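Below: the structure, in C-alpha cells.
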Amino acid sequence: MARLIDGKEISKQIKDELKEEVGRLSRKGVKICLAVIQVGKDPASSVYVNNKKKACAYIGIDSRAYELPENISEEELVGLVERLNADDSVNGILVQLPLPAHIDEDRIIRTISPDKDVDGFHPVSVGRLWLGEKGFVSCTPAGIIELLKRSGVEIEGKECVIVGRSNIVGKPMAALLLRENGTVTVTHSRTEDLKEVTKRADILIVAIGKKEFITSEYIKEGAVVIDVGIHRDENNHLCGDVNFTQAEPLASAITPVPGGVGPMTIAMLMNNCVESVRSQEES
Ligand code: GUN
C-alpha cells in the first residue's frame, strides 16, 4: 500500500508560510502585485485565473486582472505587457495560456521581462534554470520538487524517469531533478520499449497527457509515482495519466488526482511572486 502524497495539505502549508512572509514584508512597506492577463473567455482558463486571484487574496498579494476581448490584436497585447514591464508597482506578469490562434504565444512570452516572468516560461528563465543560476522556475515542476522534499523522498543518486518532454513540465523537471543530483531520463512518444525504461525508475514522473496510460507493467515495486495529468473518466470523475488502482499497490508513495500535483502549481506561482521581491531586496 502506497503512502499518499497530499498536495492539498502541502500546498496549504506553503501558502501559510508565504502569507506570514508577505505579512512581514508588508509591515516593512513592501507590497507585491501580480498582473494577470486573460484573453477571451475560455471556461477552463477562467477557472485557473480565478484560483490564482483567490490564492493572491489569501496570501496578501495584490492581483490586477486584465480581461481582454478575444479579438484583441497581438500589437495591443504586446503594448500592455510592455507597459506592465515598465510599471514599478507590478512585480509579476502572468499571461494565461492558451492565447487565441491569431496571437503568437512565443512573442508574448518573450515580451514579458524575465524579472517579472513568474511563470518561468521566458527563454532567459529557462536558460538560468539549466545553468543553475537564480531565476523563476516553471511552477508545476517546482511544485513537484517541493512535494518530494516535504514528503521525505530522497532524490540524490536516484533513478528519476520523466514521461513527457513538454517545455512547461518535462524539460524543466529534468533540470530540477539534475540540480538535486538525481540520475535523470526523459522519455517521450518515440521512446522504444517505454515500459523497460519506466520500470527502472525509483521516482517516476508522468506528464504525458494520456488518460490512465501508466498501468502496473510500467512501475517498479517501491517506486514513488508522481502524476501530473488531469482528465475526466467515463463517469465524469477526475483521473490522471496514471491508472491509480493499478499503481497504488506497487508504489511506495503516490500522488492522487485530484489533490496531488494540481494544488502545488498555484502555491509555487505564489512563491515566485514573493521571490520577485526577495530578489529585489537582495540586489
Ligand atoms: N495555462 C495552463 N497552465 C498555465 C500556466 O501554468 N501558466 C499560464 N500562464 N497559462 C497556463
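Computed from a predicted structure; not experimentally measured. The first residue of the sequence shown is numbered 1, and numbering continues consecutively from there. Whatever order the structure lists ligands and atoms in, that order sets their numbers, starting from 1.
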message = Does any N or O of ligand 1 fall below 3.5 Å from an N or O anywhere on L97, backbone included?
response = yes
remark   = Here the atoms of ligand 1 under 4.0 Å from any heavy atom belonging to V95 are 8 (C), 9 (N)
ask   = Counting heavy atoms not belonging to R190, are there more than 12 under 6.0 Å from its CZ?
value = no
note = Closest heavy-atom pair, V274 versus L18, reported as atoms and distance to 0.1 Å, is CG2-CD2, 3.8 Å
task = Over all heavy atoms of both residues, which pair between V228 and T140 is shortest? Give the atoms and the distance, please.
result = CG1-CG2, 3.9 Å
request  = Please confirm whether T265 comes within less than 3.5 Å of ligand 1 when only nitrogen or oxygen atoms on both sides are compared.
outcome  = no
note = Correct closest heavy-atom pair for L147 and G260 would be CD1-O, 4.1 Å
inquiry  = For the residue pair R165 / T187, report whether a side-chain donor-acceptor contact shorter than 3.5 Å exists.
reply    = no
request  = Report the part of Y48 (side chain from C-beta onward, or backbone N, CA, C, O) that has a heavy atom under 4.0 Å from ligand 1; answer both or neither where that applies.
outcome  = neither
inquiry  = Polar contacts were defined as any N/O atom of the residue lying under 3.5 Å from an N/O atom of the ligand; does this apply to D119 and ligand 1?
reply    = yes
message = Students should be able to answer this: which protein heavy-atom is nearest to atom 3 (N) of ligand 1, and at what distance?
response = Q96 NE2, 4.4 Å
ask   = Does E67 pair with K41 as a salt bridge, N-O distance under 4.0 Å?
value = no
remark   = ligand 1 atoms nearer than 4.0 angstrom to some heavy atom of K52 are 5 (C), 7 (N)
